[in-house]
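Inspection log for the structure reproduced underneath, given as structure tokens.
Worth knowing before you read on, the calculation uses all heavy atoms, side chains too, and leaves out hydrogens, waters and symmetry mates. Every chain is numbered from 1, with letters handed out A, B, ... down the list of sequences.
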Amino acid sequence: MPYRKPPSNYEIIWETVSRIPKGKVATYGQIAELCGLPRQARLVGYALHNLPRGSDVPWQRVINAQGGISLSDLDGMYEEQIRLLKKEGIKFIRGKVNLYRYGWRYGWMKKSSAMLIK
DNA sequence: CTGGTGACCATTA
DNA sequence: TTAATGGCCACCA
């Protein structure tokens, strides 16, 4: 039987992020869940931070559970992510995205206080 | 093996 | 409303 190397967690995460439709966003924790890696939100951030150069993974569609950007603004990536999302039609209110409107599959997810936009 | 780290998260005050 | 806190655990040196 041909041996096939199981995909690394990074690859699983990248694959899942690639399934987020344009115009939608997902949270780090949500991606971890979908990957079968519950409570591994930080690993998702780690995986995206280490994306291969020139990758077509839509990393900008992953945001934190508060609807905000988790990147540092020191290297300009914070503004870059917002720019890319706005280009996809996502609106920011006071620096936050409304997850009820733009969250991927949120209609099927349990309501949680952390998802509310205050 | 071991210990530090992190593009996180939920809870609490 | 924000801020602090403790939990989380794969990854890497």
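Remark: A/N9 is in phosphate contact with C/dC11, judged by side-chain N or O atoms under 4.0 Å from OP1 or OP2. Contact between the side-chain N/O atoms of A/Y46 and the OP1/OP2 oxygens of C/dC8 is not found at any separation under 4.0 Å.
Between the side chain of A/Y28 and the base of B/dA7, a donor-acceptor pair under 3.5 Å is found. Not a single donor-acceptor contact under 3.5 angstrom links the side-chain atoms of A/R39 to the base of C/dC8.
With hydrogens and angles disregarded, a donor-acceptor distance shorter than 3.5 Å links the side chain of A/W14 to the backbone of A/A47. A donor-acceptor pair is defined here as one N or O able to donate and one able to accept, closer than 3.5 Å; no such pair exists between the side chain of A/Q60 and the backbone of A/Q81.
Straight-line distance from the CG atom of A/L43 to the C1' atom of B/dA7: 12 Å, rounded to whole Å. Taking atom CD1 of A/I13 as the reference point, atom C1' of B/dC8 lies 12 Å away to the nearest angstrom. Separating the CD atom of A/E33 from the C1' atom of C/dC8 is a distance of 13 Å, rounded to the nearest angstrom. Counting to the nearest Å, the P atom of C/dA13 and the CG atom of A/N50 are 10 Å from each other. Per the geometry, CD belonging to A/Q40 stands 15 Å off P belonging to B/dA7, to the nearest Å. If you measure from atom CD of A/E11 to atom C1' of C/dA10, you get 15 Å, rounded to the nearest angstrom. One atom, NE2 of A/H49, and another, C1' of B/dC8, lie 15 Å apart when rounded to the nearest Å. Distance A/Y10 OH to C/dC9 C1': 12 Å, rounded to the nearest Å.
Side-chain contact between A/I93 and A/N98: absent, with no pair of heavy atoms (C-beta onward) separated by less than 4.5 Å. The closest side-chain heavy-atom distance from A/I13 to A/V57 is not below 4.5 Å. When side chains are defined from C-beta on, A/V25 does not count as touching A/W104, because their heavy atoms never get closer than 4.5 Å.
Residue-to-nucleotide proximity on DNA chain C shows that, of A/R42 and A/L37, the 5′-proximal contact is made by A/R42.
Listed nucleotides: B/dA7, B/dC9, C/dC9. Nearest to the side chain of A/N64: B/dC9. In the set B/dC9, C/dC11, C/dC9, the nucleotide with an atom closest to the side chain of A/T27 is B/dC9.
When heavy atoms are screened at a 4.0 angstrom cut-off, A/L48 is found touching base atoms of the nucleic acid.
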